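Chain naming here is simple, since letters A, B, ... match the order of the sequence lines and numbering starts at 1 in each. Owing to the predicted nature of the structure, the values given are computational and were not obtained by experimental measurement.
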Amino acid sequence: MAKNFTSRKENYSQWYNELVVKADMAENSAVRGCMVIKPYGYAIWEKMQATLDKMFKDTGHSNAYFPLFIPKSFFSREASHVEGFAKECAVVTHYRLKNDPDGNGIIVDEDAKLEEELIVRPTSETIIWDTYKNWIQSYRDLPILVNQWANVVRWEMRTRIFLRTAEFLWQEGHTAHATEQEAIDETIQMMNVYAEFAENFLAMPVLKGVKSPNERFAGAIETYCIEGLMQDGKALQAGTSHFLGQNFAKAFDVQYLNKENKLTYVWSTSWGVSTRLMGALVMTHSDDNGLVLPPKLAPIQVAIIPIYKKEEQLEAISEKLAPVIAALKEKGISVKYDDRDTYKPGWKFNEYEFKGVPVRLAMGPRDMENGTVEVARRDTLTKEILPLEGIIEHIEKLLEDIQNNLFQKALDFRTENIRKADSWDEFKDILENKKGFILAHWDGTPETEQKIKEESKATIRLIPVDGEMEEGKCIYSGKPSKQRVVFALSY
RNA sequence: CGGGGUAUAGCGUAGUCCGGUUAGCGCGCCUGCUUUGGGAGCAGGAGGUCGCAGGUUCGAAUCCUGCUACCCCGACCA
């Protein structure tokens, strides 16, 4: 059991905050609302990036980079877009500092006021569409399938490390298409890419669907999303993919000549996931002993700890393990052989356990005598002594098992926490006592959605896309409804 | 932006009400010896402009005034 570590039951959000810091993933910085992602946490993010990047490339996308700064005037071009982001924009107004003539250190030079103020990007649609305008003249220029890895800034009132920070890292895909259907297909394809990534790599089961108008991205016609369920029963939006229609094409006058020589507005999409996925990862699998990482995203998949008293013993163990380490690396498994003599074995056990390393091997004098090794798995916290012979195959299989087990556990948890509610009382009772996802009928109006949010704090997380149709009555207004939607308390 | 709170060593804190030795303790850090199969033990040691700026006083971490930063609760949000 970890020392000085809050349990989930005691205080879930404190557990989360402590875990992120103590597992060496990230910490709060000197800048309000901004985090420092530490090497261990960043290594996890790099694995996510590498995997997603490959998935994007495999679906025909290329990376590019657009400016951090966006001229203020660009923002006002798309009305609902500016409305959605205006309240949380950082603005650059000056470009020079000077020494204070009164000797109070350095101050902003008022003479260096920018002609036009610059917005630090909260998202890049506007600068990108202003640029695409010059790239697109003919149907031969389409589609444009571009992604960028970048940082963005949203000046949030209240921040939480990884889940909501003033600055965060993400990728944003921005595509342009000749036809509406092609853009819709792209939007859905990317939602599916995100879902596949979430389930196969994060080992986090997700629901897929579309957002209600209230929750839709500012400037989108339709927002598709994936939603995960955290261990405290709250939902987390883990990725969004937007069908933007011709909104930005019209706002930035992006037209192309089609085969019939007619000027036509292009159709567009945008889609993104962020460092918020790091928070999703923590809250899906981790336990009261610390972080639990799915093998596919673990920077260290196998930690190996020698147990010895004398230098000769260490040498003998190292020699015995050298071929094992080489063979594991040969298989593409990331291994850390921790032969530091500045920490004791017990300390190392706790260290790797807290940092979520999926598999731990230990070899000491007894194993040397018996030709065995101790194998411990993080997900179940179980240990077994196994013969060294055949250990590579065993570990390979074990990593797969752990990956699958984590997904299955998370899936079982979610299955247990999806409930139907057929009345307002039942709905409120579930929210108060159990939380989780609630399937309920809704009359389809923003007014009702707003009322439900005000009275219960729950929001519509998504409207299932291929969900079964079922006639029913809205739990709040009693008006007719054709389909259940998914409600939850959310991050 | 409203309401509440906090600021003392890298981290966590005692002391503040009621001013008075060298600001104490735990973790961590450094040195040495003994240890090493689940966060070792003992001994010694380093580390503080008590958030900042004024004021009261013989004397301020402690009292007064102003400022700043951060945390929690709300409204806003990936």
> Which residues in residues 218-240 of chain A have at least one heavy atom lying under 4.0 Å from any atom of RNA chain B?
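Under 4.0 Å from RNA chain B: A:Gln237.
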> Please state whether the rings of A:Phe248 and A:Phe252 are parallel, tilted or perpendicular, taking 30° and 60° as the class boundaries.
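Rings of A:Phe248 and A:Phe252: parallel, under 30°.
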> Roughly how many Å is it from CH2 in A:Trp347 to P in B:rG39, rounded to a whole number?
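From A:Trp347 CH2 to B:rG39 P: 13 Å.
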> Tell me the interatomic distance from A:Glu88, atom CD, to B:rA78, atom P, rounded to whole angstroms.
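These atoms are roughly 7 Å apart.
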> Hey, are A:Asp367 and A:Thr372 close enough side-chain-wise for a donor-acceptor pair under 3.5 Å?
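Their side chains do contain a donor-acceptor pair, which is all the 3.5 Å distance test asks for.
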> Hey, is the side chain of A:Lys344 poking within less than 4.0 Å of OP1 or OP2 on B:rG39, counting only N and O atoms?
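Answer is no, no contact under 4.0 Å.
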> Of the listed nucleotides (B:rG74, B:rA78, B:rG38), which one gets closest to any side-chain atom of A:Lys457?
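Shortest atom-to-atom distance from the side chain points to B:rG74.
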> Check A:His61, A:Gln171, A:Lys57 against A:Asn147 for a side-chain hydrogen bond (donor to acceptor under 3.5 Å, both in side chains) and give me the one that passes.
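In the set A:His61, A:Gln171, A:Lys57, the residue that makes a side-chain hydrogen bond (donor to acceptor under 3.5 Å, both in side chains) with A:Asn147 is A:Gln171.
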> Quick one: label A:Arg360 by what it contacts on the DNA or RNA (base, sugar-phosphate, nothing), any heavy atom closer than 4.0 Å.
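It contacts base atoms.
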> Should A:Trp442 and A:Phe487 be marked as a side-chain contact (heavy atoms from CB on, under 4.5 Å) after you check the CA-CA gap, both sets of side-chain angles, and the distance that decides it?
CA-CA 10 Å; A:Trp442 163 58; A:Phe487 285 90; 4.3 Å; yes
> Can you list the residues that meet the ring pair (Phe, Tyr, Trp, His ring centres under 6.0 Å) rule with A:His174, with sequence neighbours excluded?
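A:His174 satisfies ring pair (Phe, Tyr, Trp, His ring centres under 6.0 Å) with no residue once adjacent residues are dropped.
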> If you check every side-chain atom of A:Glu156, which of B:rG39, B:rC76, B:rG37 has the closest atom?
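Comparing B:rG39, B:rC76, B:rG37 against the side chain of A:Glu156, the answer is B:rC76.
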> Considering just the side-chain nitrogens and oxygens of A:Lys87, establish if one lies under 4.0 Å of OP1 or OP2 belonging to B:rC76.
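So the side chain of A:Lys87 is outside the cut-off, no N or O lying under 4.0 Å from OP1 or OP2 of B:rC76.
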> Just to be sure I understand the geometry, which residues of residues 371-383 of chain A put a non-hydrogen atom under 4.0 Å away from RNA chain B?
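Heavy-atom contacts with RNA chain B come from A:Glu374, A:Lys383.
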> Ignoring the backbone of A:Met157, work out which of B:rU36, B:rG37, B:rC1 is nearest its side chain.
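Selected nucleotide: B:rC1.
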> Does either side chain, that of A:Ser13 or that of A:Trp15, offer a donor lying less than 3.5 Å from an acceptor on the other one?
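No, because no side-chain N or O of A:Ser13 sits under 3.5 Å from a partner of the opposite role on A:Trp15.
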> Do A:Lys336 and A:Gln301 have side-chain N/O donor and acceptor atoms under 3.5 Å apart?
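Judged by distance alone, the side chains do not pair up.
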> I want to verify a distance call: between B:rG37, B:rC76, B:rC70, whose nearest atom is closest to the A:Ala362 side chain?
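Selected nucleotide: B:rG37.
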> Regarding A:Ser268 and A:Tyr132, do their side chains bring together a donor and an acceptor under 3.5 Å, going by distance alone?
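No.
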